[in-house]
Amino acid sequence: MIDRIFLDHPRSVGESYGEHAATAARFGVSMIVGGAACLVHAVVPPLFTRTASDTVKRLYAQMKARQPAFSQDKPAFQQPEWQLEYEI
């Protein structure tokens with residue numbers, strides 16, 4: 001039971017429990033900080049104009065880099081069809 005709950009998933013992605021916990025926590029904190037910046041931006045638009053967009057792009061690139069099959073591809077946000085005229 002302990003293996004299934006705490007170790008199966010980290011092993012499936014080639015990490016120890018500690019490595020997986022650290023990575024997941026780092027991603028979570030980044031999302032919280034980016035989300036908080038987005039909420040401040042909603043109230044005061046000149047503040048944090050690129051923080052949420054940059055956070056999403058950085059996390060997306062890090063997640064792709066962790067997946068060997070996709071690590072060589074350019075991120076979708078760099079593809080011409082994904083170029084936006086605005087940023088959140």
Side-chain angles (χ1 to χ4, degrees):
M1 178 72 115
I2 297 295
D3 260 16
R4 185 172 57 83
I5 293 173
F6 294 103
L7 302 176
D8 280 356
H9 176 65
R11 285 180 185 150
S12 75
V13 294
E15 296 176 334
S16 70
Y17 176 82
E19 291 169 329
H20 194 71
T23 300
R26 185 172 38 82
F27 271 72
V29 168
S30 293
M31 288 189 277
I32 289 169
V33 170
C38 200
L39 290 171
V40 170
H41 174 71
V43 177
V44 185
L47 298 179
F48 304 111
T49 57
R50 297 187 52 94
T51 305
S53 298
D54 290 346
T55 299
V56 169
K57 289 175 183 178
R58 186 180 72 254
L59 290 174
Y60 174 74
Q62 289 173 7
M63 186 64 71
K64 271 192 82 167
R66 295 170 45 82
Q67 301 172 8
F70 300 106
S71 63
Q72 300 304 315
D73 296 343
K74 278 182 138 178
F77 64 82
Q78 290 179 349
Q79 302 295 332
E81 62 271 16
W82 283 90
Q83 295 302 308
L84 302 176
E85 308 250 338
Y86 65 92
E87 300 234 2
I88 297 173

Quiz prompt | From C38 atom SG to M31 atom CE, the distance as rounded to the nearest 0.5 Å | solution = 14.0 Å
Quiz item: Linking I/L/V/M/F/W/Y whenever any side-chain heavy atoms sit under 4.5 Å apart, do F27 and V29 land together?
Solution: no
Self-check item: Spacing of H20 atom NE2 and R11 atom CZ [to the nearest 0.5 Å]
Solution: 13.0 Å
Practice problem: Rounded to the nearest 0.5 Å, what's the gap from OG1 on T23 to CZ on R66? Could you check? | Solution: 4.5 Å
Quiz prompt | R58 side chain near M63 side chain, heavy-atom distance below 4.5 Å | solution = no
Quiz item: When you look at R50 and K57, which way does the side-chain contact (heavy atoms from CB on, under 4.5 Å) test go after all the steps?
Solution: CA-CA 10 Å; R50 297 187 52 94; K57 289 175 183 178; 4.2 Å; yes
Exercise. With the side chain counted from C-beta on, respond yes when S53 and T51 share a heavy-atom pair under 4.5 Å apart, and no when they do not.
Key: no
Quiz item: To the nearest 0.5 Å, how far apart are CD1 in I2 and CG in D8?
Solution: 11.5 Å
Quiz item: Can you name the nearest heavy-atom pair linking E19 to G14, along with the distance?
Solution: OE1-O, 4.4 Å
Quiz prompt | Between OH on residue Y17 and NE2 on residue H9, distance to nearest 0.5 Å | solution = 11.5 Å
Quiz item: When rounded to the nearest 0.5 angstrom, what is the spacing between OG1 in T55 and CZ in F48?
Solution: 10.5 Å
